[in-house]
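Let me begin by presenting the structure, written as structure tokens, before commenting on it.
Residue numbers start at 1 and run along the sequence shown. All values reported here derive from a predicted model rather than from experimental measurement.
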Amino acid sequence: MISIKLLGDCRYSIVDDGASRVFSYRFNTRKSTRTRVSLSNLARTSYRFKCCSASMSVVVEVEEKPKFDAGKAALLVKELRKSFNAGRTRSFEWRVRQLKSIEKMLEEKEKEITEALFKDLSKPGFEAFCEISQVKSSCKLALKELSRWMIPEKVKTSFTTYPSSAEIVSEPLGVVLIISAWNFPFLLSLDPVIGAISAGNAVVLKPSEIAPATSLLLSNFVEEYLDNSAIKVVEGAIDETTALLDQKWDGILYTGSAIVGRIVMAAAAVHLTPVTLELGGKCPAVVDSNSNLQVAVRRIIAGKWACNNGQACTGVDYIITTKEFAPNLIHSLRIELEKFFGKDPLKSKDISRIVSSFHFARLVKLLDEDKVSNKVVFGGQRDEKQLKIAPTILLDVPDDALIMQEEIFGPLVPILTVENLEDSIEVINSKPKPLAAYLFTNDEQLKKAFVQNISSGGMLINDTIIHVVVDGLPFGGVGESGMGSYHGKFSFDAFSHKKAVLYRSFDGDASVRYPPYTPEKQKLLKPLISGNIIAIILALIGWSKD
């Protein structure tokens with residue numbers, strides 16, 4: 001709310017610096033009157049005020065949005081649970097309607113989504129297109145396969161339960177919470193929402209406040225396109241997230257850092273709520289001299305700098321190669337990086353900015369550490385005003401440096417050297433398990449050893465990142481990099497409970513099952529329970545070893 005006191009007629013304009021929009025208003029007022037104007041979402045951005053006359057005094061009062069606290073969170077969950085318990089979300093028809101509405105939204109609002117991603121991250125148009133396309137792909141797959149996913153899975157029964165039949169029924173968990181990340185703020189919000197809807201749940205989405213334009217867009221679009229009695233968006237930061245985590249949910253999916261992942265898991269433990277944690281970690285890329293170096297380098301660049309400028313949980317965090325091969329690798333990286341982003345990458349339109357001044361300062365701290373700053377062999381340029389850092393390569397940084405102790409999540413890549421490439425397995429295994437591990441080689445024995453001896457959420461041989469677009473592969477971490485998985489059918493399963501159902505008729509009820517357990521009954525019951533067919537037959541015809 002804006003409160004403006006006017007002393008005369010004046011034209012008053014508000015310029016939104018962040019969105020490059022101008023809102024103009026003309027007020028015709030009488031002396032000593034007070035005009036109040038309400039502008040939605042004013043508190044989200046900074047504004048510059050212009051007045052056409054010095055005779056006007058302006059008093060700006062920004063009215064804060066009503067606080068979203070634990071009480072409002074509890075009321076929200078209660079409303080959604082009412083919808084869920086009424087069976088609103090369970091039908092095939094409801095699920096399909098919501099998925100088709102998402103599909104419609106993606107078609108009608110692609111321009112607005114692209115603009116929001118640019119505003120939050122200066123995300124190049126093609127990267128935004130890829131992010132939106134992945135959501136489209138998830139939606140199309142769910143619409144195509146949902147009827148099959150919902151069919152109960154038949155299971156063989158044992159002789160002990162004869163005559164009987166059994167099946168596994170996928171039922172929705174209930175009311176679920178999805179907390180998404182800022183680096184792919186659209187994809188990492190809607191992709192799990194598609195899975196939750198497909199499984200028949202009521203959903204609350206909490207987008208990242210670090211990507212405010214996309215967060216607001218998701219809030220508006222979900223309200224416009226989807227069933228608000230069962231699907232809600234809650235915007236905000238720590239207070240709002242804390243209020244949501246205080247509630248009892250039937251499932252939580254969180255994407256983000258391991259530090260916050262622990263907080264989410266601790267909150268969920270209070271209510272014994274199942275969690276899916278999609279975290280990160282230091283994803284390694286091992287480069288063998290026995291590989292196509294140019295192709296390997298291009299694919300490393302695509303999975304690092306051409307993917308949100310390194311701000312991706314599956315991005316290459318560090319590279320391992322031999323001391324002998326390192327100069328060739330660095331030379332090739334230099335050539336290809338200049339081809340992709342030019343001599344001055346800070347001016348490239350094909351590279352994203354760092355998301356915030358906080359993360360910019362964090363990355364600069366990693367780069368400027370005394371034991372690291374002299375290890376830069378390429379790049380290192382930065383522009384704090386634009387929040388841009390150039391692709392940067394470092395060679396043989398100490399293992400105790402900060403850059404090797406935490407996930408980088410930015411455009412910096414250390415190269416570690418070993419005597420023999422087999423030693424890379426030991427280096428990787430000395431660190432927490434990564435979300436993804438990459439190997440570039442033509443050596444079949446090395447491929448086999450890598451797959452067998454490295455534990456990671458996912459693995460890709462001779463490429464980076466693109467394994468996440470294969471619907472038939474689960475996407476998830478292990479250990480420090482997360483738990484549980486989603487994508488494709490795995491998204492449906494992540495938000496479903498697999499209920500075991502056994503059907504029996506009233507026929508075939510044998511008295512041998514019930515007390516008293518006479519010796520004769522036990523001669524038949526023991527082989528029956530153990531599944532020993534021969535012993536059962538012998539017991540039935542009166543033969544026994546006893």
Side-chain angles (χ1 to χ4, degrees), residues 80 83-84 87-114 128-153 168-176 178 180 184-205 207 214 217-233 251 253 255 276 278 466-476 484-498:
L80 292 179
S83 290
F84 176 77
R88 186 174 186 85
T89 67
R90 291 175 179 265
S91 74
F92 173 78
E93 291 75 18
W94 182 88
R95 304 183 201 193
V96 168
R97 278 199 305 273
Q98 304 314 305
L99 293 172
K100 286 185 175 179
S101 293
I102 292 176
E103 198 172 43
K104 181 182 179 183
M105 178 193 74
L106 294 171
E107 292 297 329
E108 293 180 349
K109 303 296 186 180
E110 184 169 342
K111 181 181 177 183
E112 288 90 337
I113 298 165
T114 301
F129 170 81
C130 291
E131 188 167 341
I132 297 166
S133 292
Q134 280 192 255
V135 180
K136 287 182 179 180
S137 177
S138 295
C139 202
K140 288 182 184 297
L141 179 71
L143 283 168
K144 178 183 176 182
E145 301 291 345
L146 182 58
S147 59
R148 187 173 62 84
W149 292 348
M150 291 177 66
I151 296 173
E153 179 185 348
I168 299 170
V169 176
S170 294
E171 64 177 12
L173 293 177
V175 181
V176 300
I178 295 169
S180 66
F184 295 92
F186 191 75
L187 170 64
L188 296 180
S189 293
L190 278 192
D191 201 22
V193 166
I194 288 168
I197 290 172
S198 298
N201 297 276
V203 187
V204 171
L205 168 64
T214 307
L217 175 143
L218 285 165
S219 178
N220 291 338
F221 287 178
V222 166
E223 184 176 358
E224 179 181 350
Y225 284 89
L226 300 180
D227 181 356
N228 298 152
S229 70
I231 306 165
K232 297 280 191 179
V233 173
L253 186 147
T255 304
T276 301
E278 298 301 337
I466 61 170
H467 63 296
V468 302
V469 304
V470 180
D471 294 322
L473 291 175
F475 174 70
S485 60
Y486 71 114
H487 280 197
K489 173 66 158 54
F490 299 98
S491 292
F492 177 88
D493 291 340
F495 291 102
S496 299
H497 166 62
K498 302 300 181 181

Got [X] and [Y] here, is their nearest side-chain heavy-atom distance under 4.5 Å?
X      : Y      : value
Val135 : Ile132 : no
Val469 : Gln134 : yes
Pro207 : Thr214 : no
Arg90  : Phe84  : yes
Lys498 : Ser170 : yes

If you draw a 6.0 Å radius around [atom1] in [X], do more than 12 non-hydrogen atoms from other residues or ligands fall strictly inside?
X      : atom1 : value
Lys144 : NZ    : no
Phe129 : CZ    : no
Glu223 : CD    : no

Could you list the residues that satisfy side-chain hydrogen bond (donor to acceptor under 3.5 Å, both in side chains) with Glu224, not counting sequence neighbours?
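In terms of side-chain hydrogen bond (donor to acceptor under 3.5 Å, both in side chains), with neighbours along the sequence ignored, Glu224 is linked to no residue.
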Sequence-distant partners of Glu103, side-chain hydrogen bond (donor to acceptor under 3.5 Å, both in side chains), two or more places apart:
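Expected list: Lys140.
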Within the distance-only criterion (no hydrogens, no angle test), does the side chain of Asn201 pair as donor or acceptor with the backbone N or O of Val175 below 3.5 angstrom?
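No; judged by distance alone, with no hydrogens or angles, the pair does not exist.
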Donor-acceptor under 3.5 Å (Thr89 side chain, Gly200 main chain)
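Answer holds: yes.
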What are the two closest heavy atoms between [X] and [Y], and how far apart are they?
X      : Y      : value
Ser189 : Ile178 : O-CG2, 4.4 Å
Thr114 : Ala128 : CG2-CB, 3.9 Å
Leu253 : Thr255 : CD2-OG1, 3.7 Å
Leu218 : Val233 : O-CG2, 3.9 Å
Pro474 : Phe490 : N-CE1, 3.4 Å
Phe184 : Glu131 : C-OE2, 3.1 Å

Residues two or more places apart in sequence or in another chain: which of them pass salt bridge (charged side-chain N to carboxylate O under 4.0 Å, His left out) with Lys489?
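Lys489 satisfies salt bridge (charged side-chain N to carboxylate O under 4.0 Å, His left out) with Asp493 once adjacent residues are dropped.
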Salt bridge (charged side-chain N to carboxylate O under 4.0 Å, His left out) against Glu107, all qualifying residues, sequence neighbours excluded
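With sequence neighbours excluded, Glu107 shows a salt bridge (charged side-chain N to carboxylate O under 4.0 Å, His left out) to Lys136, given in chain and number order.
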Run the numbers on Ser180 and Leu205 for side chain to side chain contact (heavy atoms under 4.5 Å, CB included), then give the verdict.
CA-CA 8 Å; Ser180 66; Leu205 168 64; 4.3 Å; yes
How long is the span from the [atom1] atom in [X] to the [atom2] atom in [Y], to the nearest 0.5 Å?
X      : Y      : atom1 : atom2 : answer
His497 : Ile168 : NE2   : CD1   : 10.0 Å
Leu143 : Gln98  : CG    : CD    : 11.0 Å
Met105 : Asn220 : CE    : CG    : 11.5 Å
Leu146 : Ser198 : CG    : OG    : 5.5 Å
Ile194 : Leu187 : CD1   : CG    : 9.0 Å
Glu110 : Ser133 : CD    : OG    : 6.5 Å

Tyr486/Glu278 under side chain to side chain donor-acceptor pair (under 3.5 Å): CA gap, chis, key distance, verdict
CA-CA 9 Å; Tyr486 71 114; Glu278 298 301 337; over 6 Å; no
Test side chain to side chain contact (heavy atoms under 4.5 Å, CB included) on Leu226 and Val203; report intermediate values, then the result.
CA-CA 11 Å; Leu226 300 180; Val203 187; over 6 Å; no
Would Thr276 and Phe495 count as a side chain to side chain contact (heavy atoms under 4.5 Å, CB included) here? Give the steps.
CA-CA 9 Å; Thr276 301; Phe495 291 102; over 6 Å; no
Identify, with sequence neighbours excluded, every residue that meets side-chain contact (heavy atoms from CB on, under 4.5 Å) alongside Arg88.
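If we apply the side-chain contact (heavy atoms from CB on, under 4.5 Å) test to Arg88, skipping adjacent residues, the hits are Ser83, Trp94, Asp227, Ser229.
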Under the side chain to side chain contact (heavy atoms under 4.5 Å, CB included) criterion, do Arg97 and Glu93 qualify, and how do the steps go?
CA-CA 6 Å; Arg97 278 199 305 273; Glu93 291 75 18; 3.9 Å; yes
Phe492: partners by ring pair (Phe, Tyr, Trp, His ring centres under 6.0 Å), with sequence neighbours left out:
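Per chain and number, Phe492 pairs via ring pair (Phe, Tyr, Trp, His ring centres under 6.0 Å) with Trp149.
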